Amino acid sequence: MGAARRGGGRLGRWLSGITALVGCLLFLGGFVLVAVLYQPYAIPTDSMAPTVRPDDRVLAHRVAGAEVRRGDVVVFRQDSWGELPMVKRVVAIGGDTVACCDDEGRLLVNGRPIVERYLDVGEPASTTPFEYEVPPDELFLLGDRRADSLDSRTRLMEGETATVPRDRVSARVEATVWPPERFGPLPRAHGFADLPGGLSQPGPFRPLLWAIASGAVLILLSVLVGPVLRGTTRMGGGGARGR
């Protein structure tokens, strides 16, 4: 019966090893994919509050400018706007006419009022009226704190180019990762969903987060349960010998 005991011990070690291997693949693979598909970014100002706040750390999904749609919060770099990457929300794309505001203080895109639930309660879509037709392959960008944001409106009022070319976008902000109490995906901009093209599809942040968490759980199980499992199989082998 010693062979049975040894076989049971080998089975326990095998199950423990497989559990640890799968856990490591999920855990490390998830981190690697996050590093490849996402770029971290620190929010420097409050122009996008309350969606993201100063010193928040966010993850931005690396996408081509052609993939950007209305409602996306994007990272872009445009020399005429400044030397550093900036974060703003796309409210209109090439061919749109964007204006503000209607009688209820809402943004208008192609004459349709947009409900922007990510703004502070009671804040109008703009503190200054404007109307602008967006050139092809350009983006009209606003901060979510409309009373304190240097964005396309500001440049429009100053007589400068108000929009940013699509190809200046490097990523779409998908989640806040720091501080812990604000961890999670950004709210979806459902007010733009009925416009042609709809909303962008979410990136793989949630599946990758589940993969990392599942991997961590499996690794922990292999460490904690593995010795118990191996001991149980040995006990089973010992019982067979006694009979």
Side-chain angles (χ1 to χ4, degrees), residues 39-61 63 65 68-78 81-82 84-93 96 98-102 104-109 112-132 134 138-157 162-164 166 168-179 181-195 197-200 202-203 205:
Q39 68 181 59
Y41 187 77
I43 302 300
T45 71
D46 67 351
S47 69
M48 281 299 297
T51 304
V52 289
R53 304 177 187 275
D55 298 326
D56 279 1
R57 266 57 174 179
V58 299
L59 284 182
H61 187 203
V63 297
V68 172
R69 299 185 183 178
R70 304 175 192 89
D72 288 347
V73 177
V74 297
V75 179
F76 67 96
R77 187 190 295 268
Q78 176 72 350
W81 288 50
L84 300 175
M86 302 185 72
V87 174
K88 301 292 179 185
R89 187 180 298 273
V90 177
V91 299
I93 61 176
D96 287 343
V98 57
C100 203
C101 300
D102 69 359
E104 298 181 29
R106 296 175 298 184
L107 191 73
L108 296 168
V109 178
R112 301 174 68 168
I114 306 299
V115 177
E116 299 182 276
R117 301 192 186 281
Y118 41 79
L119 300 182
D120 279 326
V121 176
E123 182 176 14
S126 178
T127 54
T128 54
F130 66 89
E131 183 172 354
Y132 187 75
V134 184
E138 298 277 321
L139 303 171
F140 196 91
L141 302 156
L142 297 181
D144 285 356
R145 175 149 289 171
R146 302 291 161 79
D148 187 24
S149 174
L150 301 178
D151 48 35
S152 288
R153 296 168 305 160
T154 311
R155 303 189 62 78
L156 182 63
M157 300 307 170
T163 54
V164 171
R166 279 183 176 271
R168 304 307 296 168
V169 171
S170 61
R172 179 174 56 234
V173 178
E174 191 162 315
T176 303
V177 294
W178 190 265
E181 64 270 18
R182 291 176 47 74
F183 182 90
L186 265 59
R188 302 273 283 162
H190 292 292
F192 297 92
D194 293 333
L195 291 170
L199 303 179
S200 295
F205 174 74

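Owing to the predicted nature of the structure, the values given are computational and were not obtained by experimental measurement.
One distance of note links CG of Asp102 with CG of Leu108; it measures 5.0 Å at 0.5 Å rounding. In this structure, the separation between OG on Ser149 and CG on Leu142 is 7.0 Å, given to the nearest 0.5 Å. Residue Arg146 holds its CZ atom at 7.5 Å from CG of Asp151, rounded to the nearest 0.5 Å. For the atom pair Arg188 CZ and Asp72 CG, the distance stands at 8.0 Å (nearest 0.5 Å). Between atom CZ of residue Arg168 and atom OG1 of residue Thr163 there is a gap of 13.0 Å, rounded to the nearest 0.5 Å. Separating the CZ atom in Phe76 from the CE atom in Met86 is a distance of 5.0 Å, to the nearest 0.5 Å.
Side chain of Thr176 to backbone of Phe183: no donor-acceptor contact under 3.5 angstrom is found. Looking only at distances, no side-chain donor or acceptor of Lys88 sits under 3.5 Å from a matching main-chain atom of Asp144. A donor-acceptor pair under 3.5 Å is formed between the side chain of Tyr41 and the backbone N or O of Pro85. Judged purely by atom type and a 3.5 angstrom limit, Arg69 uses its side chain to pair as donor or acceptor with the backbone of Gly197. The closest donor-acceptor contact from the side chain of Glu174 to the backbone of Leu186 lies at 3.5 Å or more, if one exists at all. Side chain of Arg166 to main chain of Val68: a donor-acceptor pair is present (N/O by atom type, distance under 3.5 Å, no hydrogens or angles).
The two atoms that bring Cys100 and Ala125 nearest to each other are SG-CB, 3.5 Å, heavy atoms only. Counting all heavy atoms, side chain and backbone alike, Trp81 lies closest to Ser152 at CH2-N, 3.5 Å. Taking all atoms of both residues into account, the shortest heavy-atom contact from Ala162 to Leu156 is CB-CB, 4.0 Å.
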>> Let's go through Val74 and Val87 carefully: what are the C-alpha distance in whole Å and the side-chain angles of both, what is the deciding distance for side chain to side chain contact (heavy atoms under 4.5 Å, CB included) to 0.1 Å, and is it a yes or a no?
In response: CA-CA 6 Å; Val74 297; Val87 174; over 6 Å; no
>> Could you go through Met48 and Arg89, starting from their C-alpha distance and side-chain angles, then the distance that decides it, and tell me whether this counts as side chain to side chain contact (heavy atoms under 4.5 Å, CB included)?
In response: CA-CA 8 Å; Met48 281 299 297; Arg89 187 180 298 273; 4.3 Å; yes
> Do His61 and Phe205 pass the side chain to side chain contact (heavy atoms under 4.5 Å, CB included) test, and can you show the C-alpha distance, the side-chain angles, and the key distance before you say yes or no?
Replying inline: CA-CA 8 Å; His61 187 203; Phe205 174 74; over 6 Å; no
>> Arg53 vs Asp46, test: salt bridge (Lys or Arg N to Asp or Glu O under 4.0 Å). Steps then yes/no.
In response: CA-CA 5 Å; Arg53 304 177 187 275; Asp46 67 351; over 6 Å; no
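Considering only heavy atoms from C-beta on, Asp96 stays 4.5 Å or farther from Val91 through its side chain. Side-chain contact between Arg70 and Val109 is present, with heavy atoms from C-beta onward closer than 4.5 Å. Annotation: side chain of Leu199 is in contact with side chain of His190 (closest heavy-atom distance under 4.5 Å). Using a 4.5 Å cut-off on side-chain heavy atoms (C-beta onward), Val58 and Ile43 make contact. Looking only at side-chain heavy atoms (C-beta outward), Ile93 and Val134 stay at 4.5 Å or farther from each other. Val98 has its side chain within reach of Leu107: a pair of non-hydrogen atoms, C-beta onward, lies under 4.5 Å apart. Taking the side chain as every heavy atom from C-beta outward, Arg153 and Tyr132 never approach each other to under 4.5 Å. Counting heavy atoms from C-beta on, the side chains of Gln39 and Ser170 come closer than 4.5 Å.
Looking at residues two or more places apart in sequence or on another chain, you find a side chain to side chain contact (heavy atoms under 4.5 Å, CB included) between Arg112 and Asp194, Leu195.
Of the charged side-chain nitrogens involved, at least one lies within less than 4.0 Å of a carboxylate oxygen, so that Arg182 and Asp56 count as a salt-bridged pair.
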